[in-house]
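Every chain is numbered from 1, with letters handed out A, B, ... down the list of sequences. Everything numeric here is computed off the predicted structure, so don't read it as measured data.
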Protein chains: 2
Amino acid sequence: MFSKTCEYAIRAMIFIAQQSKDGSRVGIKEIAKGIDSPEHFIAKILQDLGRKGVVQSLKGPTGGFYLDNSGRKTTLATIVKAVDGDDIFSGCGLGLKQCSDKHPCPLHHEFINIRKDITNMLNKTKVGDLQEQLDKKLTFLRRD
Amino acid sequence: MFSKTCEYAIRAMIFIAQQSKDGSRVGIKEIAKGIDSPEHFIAKILQDLGRKGVVQSLKGPTGGFYLDNSGRKTTLATIVKAVDGDDIFSGCGLGLKQCSDKHPCPLHHEFINIRKDITNMLNKTKVGDLQEQLDKKLTFLRRD
DNA sequence: TAATTAAAAGACTTTTTTGTCTTTTAATAA
DNA sequence: TTATTAAAAGACAAAAAAGTCTTTTAATTA
Ligand code: FES
Ligand code: FES
């Protein structure tokens, strides 16, 4: 469904939302442990998201990654688009060069319903909402 | 959603169902042209599906790939499982080592609905059904 | 201001996926 | 039964994804 990069990105964003809700920042090492990802790999992913304005960061002592209140309203769709592009939102399920109602592949009519559900889900789900459930220990970002 | 290999496999299966419905066989070159895929690549994919009993073939002159009436009832789920494994049917959407109701990731409750829709769709859709729509020129396997 | 801290940047490696090419095997037809 | 045809098999190669390591830059703190 999503690339490994994108899975890590989403998990990291939720973790950062949680750890920085009091206005503090969280470092790469803590993030990597918190979501069980390779440290340098998630660093690169977050740098990329930083350049795109999806996450915020600060260097130096007491530095790290954080999300402000508006960042916590970021939708999963924003993250997925930034990392994986918009293939999942508009690409053909059977790999035709483009998806089209006028020139549909055999799976088109079934597929666009599912694609719409995925799109709706990603558009409506905000990082902050997921973080709240995490706070209540209702969900988890790693398997211990 | 699916790997390139799996996309080609599904398109090839539908094409073979169409071209062999009169009891004849269709060669690799024709299949590659018909679905716009690399010739040697789809050959390997179909050999693999052949070994797994998902498609039938015959060597020599007048040889090629074909599907009998029972093969035409093959579901997309069978093809997807044979090629991509069952990640899409049971894997965690955020990449946790395993998906579980007891230890759900933040996306779990939203994700299992979509996964169920995908599973239902793949289980109910048969190669022969898709081939019929193709015959009526309602759908296409390539973009010209 | 100098030392320290932590992200940013970028080069590099490994693994997986995707794609290509050549040789072998098995079927048919002359 | 020999020549021909087409899939099977398997070795390679290229590209993309995933992961690692080192150096640089920009903050903070002493
Ligand atoms: S054309 Fe394939 S999903 Fe739309
Ligand atoms: S645990 Fe992630 S989808 Fe079920």
Among the nucleotides dA11(C), dT18(C), dA9(D), which one has an atom lying closest to any side-chain atom of R51(B)?
-> dA9(D)
Calculate the interatomic distance between I28(B) atom CD1 and dT5(D) atom P; express it in whole Å.
-> 18 Å
In terms of the nearest nucleotide of DNA chain D, which residue is placed more toward the 5' end: H40(B) or C6(A)?
-> H40(B)
How close or far is atom C1' of dA6(C) from atom CD of Q19(A), stated in whole angstroms?
-> 17 Å
Cationic tip of K44(A) within the cone over F41(A)'s six-membered ring, i.e. under 6.0 Å and within 45° of the normal?
-> no
With the side chain defined as heavy atoms from C-beta on, F41(A) is closest, among dT22(D), dT18(C), dG19(D), to dG19(D)
Within this structure, what is the CD1-to-C1' distance between I45(A) and dG10(C), rounded to whole angstrom?
-> 16 Å
Going by number, which of residues 53-70 of chain A have a non-hydrogen atom under 4.0 Å from DNA chain D?
-> K59(A), G60(A), P61(A), T62(A)
Find the distance R25(A):CZ to dT28(D):P and express it as a whole number of Å.
-> 8 Å
Where does the angle between the aromatic ring planes of F140(B) and H103(A) fall among parallel (under 30°), tilted (30 to 60°) and perpendicular (over 60°)?
-> parallel
Donor-acceptor pair, R142(B) side chain versus K33(B) backbone, under 3.5 Å?
-> yes
Indicate whether OP1 or OP2 belonging to dA18(D) is found under 4.0 Å from a side-chain N or O atom of Y8(A).
-> no
Crowding at NZ, K52(A) (>12 non-hydrogen neighbours, <6.0 Å) | yes
Around atom CG of D87(A), are there more than 12 heavy atoms of other residues, nucleotides or ligands at under 6.0 Å?
-> no
Do we see a donor-acceptor contact under 3.5 Å between the side chains of Q131(B) and D135(B)?
-> yes
Starting at CD1 of I42(A) and ending at P of dG19(D), how long is that distance when rounded to a whole Å?
-> 10 Å
Rounding to a whole Å, what distance do you find between L46(B):CG and dG19(C):P?
-> 14 Å
Would a distance-only check, ignoring hydrogens and angles, find a side-chain to backbone donor-acceptor pair under 3.5 Å from D84(B) to S3(B)?
-> yes
Go through dA18(D), dT20(D), dA7(D) for me and flag the one nearest to the S3(A) side chain.
-> dA18(D)
Rounded to the nearest Å, what distance is computed from the CD atom of residue Q47(B) to the C1' atom of nucleotide dG10(D)?
-> 9 Å
Taking atom types as they are modelled, is there a donor-acceptor pair under 3.5 Å from the base of dG19(C) to the side chain of K44(B)?
-> yes
Rounded interatomic separation in angstrom, taking CD1 from I35(A) and C1' from dG19(D) = 14 Å
